[in-house]
Amino acid sequence: MTASLTGSGISETIQMVDLKNQYLKIKPAIDAAIQECLDTTAFIKGPQVGAFEQQLAKYLNVKHVISCANGTDALQLAMMALDLKPGDEVIVPAFTYVATAEVIALLGLKPVMVDVDPDTFTMTRESIEKALSPRTRLVVPVHLFGQCADMESIVALCQVHGLSIIEDTAQAVGATYTFRNGTIKAAGAMGDLGTTSFFPSKNLGCFGDGGAVYTDQDSLAHKVKMIGNHGQARKYVHETIGVNSRLDTIQAAILLEKLKHLDGYTQARQQVANRYDEAFRNVEAIEIPYRNPDSTHVFHQYTLKVPADKRDGLKDYLSRKKVPSMIYYPIPLNAQKAYQSVGRVVGDLAVTQDLCRRVISLPMHTELSDDQINYIVETIIDYFS
Ligand SMILES: *Cc1c(COP(=O)(O)O)cnc(C)c1O
């Protein structure tokens with residue numbers, strides 16, 4: 001079976017992320033949107049930037065969306081808006097992309113790295129509680145792989161201790177969370193600020209770099225906007241030290257078009273995830289992704305847990321069979337050379353360490369065909385049988 005499928009060329013085309021075919025499906029609209037930018041030459045601060053910010057704010061049901069140059073800048077702008085002092089502590093998960101902690105260190109703040117939940121891969125109320133100190137000011141939950149952290153208990157804890165929250169939603173655009181009282185909120189709309197990335201492979205990706213900060217608070221929105229524009233609210237009047245971080249008009253024009261398709265893209269990812277779930281649910285060596293009943297899952301990544309002594313072998317086997325896979329993330333944040341003498345580590349991070357040895361992410365995008373999914377599934381089941 002496997003051999004015949006390989007022979008038919010199905011595996012040749014499998015990619016982790018297929019941006020080309022996604023583009024081809026909406027090519028006329030995208031090309032026209034780009035051409036309009038070329039015709040008007042309003043490359044910076046063209047009308048598409050504000051229009052996209054408004055559309056995204058409406059989609060997420062947040063008051064303000066402030067676009068910027070990338071998701072890492074979004075974290076930086078959000079943190080700078082909170083007026084933190086050097087040495088203030090910021091709690092982050094040890095199992096995340098480095099950007100989350102990088103900005104904290106660059107701003108002279110102290111990243112405090114905590115363990116994550118073995119099911120959701122996100123930080124928990126308990127992990128935050130263990131990390132609290134008199135210097136704790138901010139908590140940065142990362143909605144990893146497309147599913148929200150347990151925000152009900154995190155928000156409650158942060159309220160008790162007077163801590164700010166920045167949600168890193170770079171992997172969770174479009175995910176929603178339902179609170180016990182029935183209120184439904186978008187990822188990024190539950191903390192003081194939310195940040196996201198429009199890197200091409202993210203769920204809502206542009207054709208270059210891009211990012212945004214969300215907030216419901218007028219004063220924070222004003223500060224973020226000002227900081228991202230050289231600290232000026234009026235031209236040539238600089239109230240604070242800022243940076244230059246903008247979303248290009250061309251990227252905004254592309255995102256305006258792609259936002260129309262985001263729900264469809266999310267559904268396509270969820271359908272792939274459902275197919276994978278069904279196929280692997282009864283395979284003993286494989287643990288399928290946990291679904292938090294309080295959150296939707298937009299499957300930025302579809303990540304399996306397999307036995308540590310089988311993981312790298314599986315990756316090699318898949319690679320030989322031309323099925324791409326990725327390890328997100330192979331090394332805990334605190335074990336990275338750059339972060340060994342920065343900040344503070346809480347506990348033994350046993351879950352994070354275990355995950356780094358056991359996780360493997362499968363091809364996940366909006367363009368996977370049934371034949372491709374079947375081939376991927378059969379190849380993995382072959383390996384374990
Ligand atoms: C991608 C990503 C970022 C950074 O976004 P960029 O646009 O690449 O700067 C931050 N945090 C997480 C969790 C990410 O996945």
Side-chain angles (χ1 to χ4, degrees), residues 53-66 74-75 78 81-82 90-93 96 100 114-132 136-196 203-204 212-221 224 259 262-263 266-267 269-270 273-274 277 289-300:
E53 290 175 338
Q54 272 181 14
Q55 288 301 316
L56 185 59
K58 205 167 122 195
Y59 180 84
L60 299 165
N61 197 20
V62 292
K63 202 160 171 198
H64 304 279
V65 167
I66 303 105
L75 285 160
L82 289 173
V90 183
I91 298 176
V92 292
T96 183
T100 318
V114 302
D115 213 350
V116 294
D117 180 78
D119 293 325
T120 62
F121 310 150
T122 60
M123 64 160 70
T124 61
R125 178 197 176 109
E126 290 70 36
S127 62
I128 297 168
E129 265 177 327
K130 281 187 212 149
L132 292 174
T136 311
R137 293 288 175 275
L138 170 64
V139 172
V140 185
V142 179
H143 302 314
L144 204 73
F145 303 152
Q147 183 167 243
C148 293
D150 185 10
M151 292 305 287
E152 177 109 36
S153 59
I154 291 176
V155 169
L157 181 76
C158 289
Q159 268 165 2
V160 169
H161 294 278
L163 308 175
S164 301
I165 300 175
I166 295 175
E167 300 170 67
D168 181 344
T169 75
Q171 301 186 4
V173 177
T176 60
Y177 182 90
T178 306
F179 288 83
R180 245 167 269 148
N181 68 8
T183 310
I184 297 176
K185 289 204 171 175
M190 296 175 269
D192 296 278
L193 300 133
T195 66
T196 202
N203 288 31
L204 178 62
V213 180
Y214 327 143
T215 183
D216 278 327
Q217 300 171 38
D218 296 341
S219 65
L220 285 177
V224 168
L259 181 57
L262 182 56
D263 284 338
T266 300
Q267 281 158 19
R269 287 172 177 277
Q270 288 166 338
N274 291 343
D277 273 5
Y290 172 80
R291 310 275 190 116
N292 180 351
D294 300 325
S295 174
T296 60
H297 199 321
V298 297
F299 286 99
H300 176 61

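- The shortest non-hydrogen separation linking A212 to V65 is CB-CG1, 4.0 Å.
- Taking 4.5 Å as the limit, every side-chain heavy atom of T266 sits out of range of all side-chain heavy atoms of T296.
- Side-chain atoms of H64 and D218 include a donor-acceptor pair closer than 3.5 Å.
- The existence of a salt bridge linking D277 and R291 is confirmed by a sub-4.0 Å separation between a basic side-chain nitrogen and an acidic carboxylate oxygen.
- Judged as a side-chain hydrogen bond (donor to acceptor under 3.5 Å, both in side chains), and not counting sequence neighbours, the contacts of D263 are Y59.
- The main-chain N or O of C148 is found under 3.5 Å from a side-chain atom of S295 such that the two form a donor-acceptor pair.
- Between the side chain of Q270 and the backbone N or O of F299, no donor-acceptor pair lies under 3.5 Å.
- Within the structure, side chain to side chain donor-acceptor pair (under 3.5 Å) contacts touching residues 137-152 (residues at least two apart or in different chains) are H143-E167, D150-S153, D150-Y177.
- Side-chain atoms of I165 and M151, non-hydrogen and from C-beta on, do get closer than 4.5 Å to each other.
- Taken from CD in E129 to CD1 in I154, the straight-line distance is 11.0 Å, to the nearest 0.5 Å.
- The shortest heavy-atom contact between D117 and D119 is OD2-N, 2.9 Å.
- The line from OG1 of T195 to CD1 of I166 is 7.0 Å long, rounded to the nearest 0.5 Å.
- No side-chain heavy atom of V62 sits less than 4.5 Å from a side-chain heavy atom of L56.
- For K130 and E126, the salt-bridge test fails: no basic side-chain N is under 4.0 Å from an acidic carboxylate O.
- Of all heavy-atom pairs between T100 and V142, the closest is CG2-CG2, 3.8 Å.
- Between L144 and Q171, the closest side-chain pair of non-hydrogen atoms falls below 4.5 Å.
- Summarising the geometry of A74 relative to T196, their closest heavy-atom pair is CB-O, 3.9 Å, with the distance given to 0.1 Å.
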Decide side chain to side chain contact (heavy atoms under 4.5 Å, CB included) for L82 and L193; before the verdict, give the C-alpha distance in whole Å, the side-chain angles of both, and the deciding distance to 0.1 Å. CA-CA 10 Å; L82 289 173; L193 300 133; 3.9 Å; yes
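- Between Y214 and T169, the closest side-chain pair of non-hydrogen atoms falls below 4.5 Å.
- Atom CG of N61 is separated from atom CG of D216 by 7.5 Å, given to the nearest 0.5 angstrom.
- A 4.5 Å side-chain heavy-atom check between V139 and M123 finds at least one atom pair inside the cut-off.
- Contact of the T122 side chain with the N292 side chain is not registered, since no non-hydrogen atoms from C-beta on lie closer than 4.5 Å.
- Inter-residue side-chain proximity for D192 and Q217 is flagged as met; some heavy-atom pair is nearer than 4.5 Å.
- Under the rule for a side-chain contact (heavy atoms from CB on, under 4.5 Å), the partners of T136 that lie at least two apart in sequence or sit in another chain are E89, I91, L132, S133, L163.
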Worked check of side chain to side chain contact (heavy atoms under 4.5 Å, CB included) between V224 and T215: CA-CA 9 Å; V224 168; T215 183; 5.7 Å; no
